[in-house]
Amino acid sequence: MLDAATPGTDKPRKLVEITDLKMHFPIRSGLLRRHTGDIKAVDGVTFDIYEGETLGLVGESGCGKSTCGRAILRLYEVTGGSVVIEGRDIAALGPEELRKTRPTMQMVFQDPQASLNPRMTVADIIGEPLNEHTTLSSKEKLARIYELMDQVGLNRAFANRYPHEFSGGQRQRIGIARALALNPKFIVCDEPIAALDVSIQAQVVNLLEDLQDKLGLTYLFISHDLSMVRHIADRVAVMYLGRIVELSPRDDLYEDPLHPYAKALLSAVPEPDPAHEAVRQRIILQGDVPSPANPPKGCNFCTRCPEVQPLCHQQDPDLIEVRPGRYVACHFVKPEKPTAGSTGGIEAKERNQQGERR
Ligand SMILES: Nc1ncnc2c1ncn2[C@@H]1O[C@H](COP(=O)(O)OP(=O)(O)OP(=O)(O)O)[C@@H](O)[C@H]1O
Ligand SMILES: [Mg+2]
């Protein structure tokens with residue numbers, strides 16, 4: 001999967017660079033709808049997505065995964081930070097420029113039922129982005145619609161049917177075909193299989209993987225299904241209360257999570273190896289997730305962390321590279337030793353500080 005490299009180096013090329021991204025929703029109350037606070041759904045998130053990779057984004061319900069995915073695609077007006085895709089800061093583009101970059105980045109939604117217009121035929125749904133962004137003739141458009149239907153495994157004979165005539169898995173295929181219509185490079189998949197029957201989930205995941213190989217796609221794969229993420233992702237970011245607490249290559253994270261929250265979250269995943277499964281110990285966290293309208297001072301996780309220290313209540317830890325390619329935001333996970341040629345952590349920290357100054 002991960003094979004695109006910057007010319008002259010063996011490092012994969014960054015396709016998306018997210019720096020100190022913030023998405024706060026205002027809370028309004030009273031008769032005058034006064035602005036009385038903010039829900040800090042995404043509160044300073046910094047990470048890169050490499051070309052051709054699948055980056056998993058996991059974390060419990062309400063931690064800000066969907067908001068993060070939508071903010072990256074600028075489906076919201078972001079509160080702060082930057083999202084650079086192929087050298088352009090999506091977060092700062094004007095409406096016309098944004099419209100022109102839309103084809104590069106697309107989204108596949110959780111609930112295909114809700115995201116497809118019930119009054120449009122499959123051909124109309126898949127062809128809609130072509131109407132808006134291309135000047136294809138009707139004949140060319142139909143040829144492209146058929147090609148897309150073939151790519152996602154939908155029978156061309158169903159082009160004039162309506163979404164309700166299809167099963168959940170087929171509807172998700174329609175959503176994927178529509179997302180592919182304009183040859184995107186980057187797709188945010190927000191729980192693309194969560195609404196499907198278990199028997200259908202693997203088919204849709206296989207389809208997404210095949211399409212990635214054939215078309216060189218890059219995915220941000222949002223899911224709360226940690227076993228599925230283990231199957232599909234190259235690297236995984238763990239989110240807690242609007243922040244990334246750990247970002248590691250998949251195997252490193254599942255075999256040896258470093259952040260206390262990542263440890264607790266992954267302790268719930270059954271191990272495929274029976275020897276490991278026999279000794280697996282579940283870490284049960286105490287208390288509830290604090291409200292994103294009122295996150296704790298210091299480290300976001302300090303109210304529930306089994307390893308909490310006084311410093312955690314005062315200082316917010318940066319996400320730094322503690323092992324090659326492994327980023328952790330915890331005062332007590334120290335870098336092993338500086339790694340030659342690896343500046344990613346410092347880079348991320350500097351970018352964070354720049355973001356704060358902005
Ligand atoms: N449009 C909105 N207006 C106000 N608050 C919002 C809005 N969208 C999300 N939130 C709040 O932001 C926080 C993060 O929500 P989000 O949907 O991003 O979480 P999530 O990680 O995707 O959860 P889930 O796993 O349940 O899908 C939640 O507290 C949610 O209530
Ligand atoms: Mg969500």
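Counting starts at 1 for both ligands and their atoms, following the listed order. Counting begins at 1 with the first residue of the sequence.
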For atom 11 (C) of ligand 1, grab the closest protein heavy atom and report residue, atom and distance to one decimal in Å. Ile39 CG2, 4.0 Å
Residue, atom name and distance, where the atom is the protein heavy atom closest to atom 25 (O) of ligand 1: Lys65 NZ, 2.8 Å
Is there a protein heavy atom at a distance of less than 4.0 Å from atom 30 (C) of ligand 1? no
Okay, side chain of Tyr327, backbone of Ala237: is any donor-acceptor separation there less than 3.5 Å? no
Taking the six-membered ring for Trp, are the ring centroids of Phe25 and Tyr76 within less than 6.0 Å of each other? yes
Before you tell me yes or no, could you show the steps for Glu277 and Asp273 under side chain to side chain contact (heavy atoms under 4.5 Å, CB included), namely the whole-Å CA-CA distance, both residues' side-chain angles and the distance that decides it to 0.1 Å? CA-CA 6 Å; Glu277 178 63 13; Asp273 177 347; over 6 Å; no
Any heavy-atom pair between the side chains of Val84 and Ile90 that's under 4.5 Å? no
For Gln309 and His331, test the side chains for any donor-to-acceptor distance below 3.5 angstrom and give the result as yes or no. no
Over 60° means perpendicular and under 30° means parallel, so tell me whether Tyr261 and Tyr240 are parallel, tilted or perpendicular. tilted
Residue, atom name and distance, where the atom is the protein heavy atom closest to atom 28 (C) of ligand 1: Gly62 O, 3.8 Å
Looking at atom 27 (O) of ligand 1, what's its closest protein heavy atom, distance included? Ser66 OG, 3.9 Å
So for ligand 1, is Ser61 a polar contact partner (N or O within less than 3.5 Å, distance only)? yes
His224 versus ligand 1: do any nitrogen or oxygen atoms come within less than 3.5 Å of each other? no
Would you tell me whether Asp89 and Ser82 have side-chain atoms, one donor and one acceptor, within less than 3.5 Å of each other? no
Suppose I only count heavy atoms of Pro292 and a 4.0 Å limit; which atoms of ligand 1 are within that range? 29 (O)
In this structure, atom 10 (N) of ligand 1 is nearest to the protein heavy atom Phe25 CE1, 3.7 Å
Applying a 4.0 Å heavy-atom criterion (strictly less than), which segment of Thr67 is in contact with ligand 1: side chain, backbone, both, or neither? both
His24 and its side chain to side chain donor-acceptor pair (under 3.5 Å) partner, picked from Thr67, Thr79, Asp43: Asp43
Is the Mg ion (ligand 2) under 2.8 Å from any N, O or S atom of Ser61? no
Can you report which non-hydrogen protein atom sits closest to atom 12 (O) of ligand 1, along with the distance? Ala41 CB, 3.3 Å
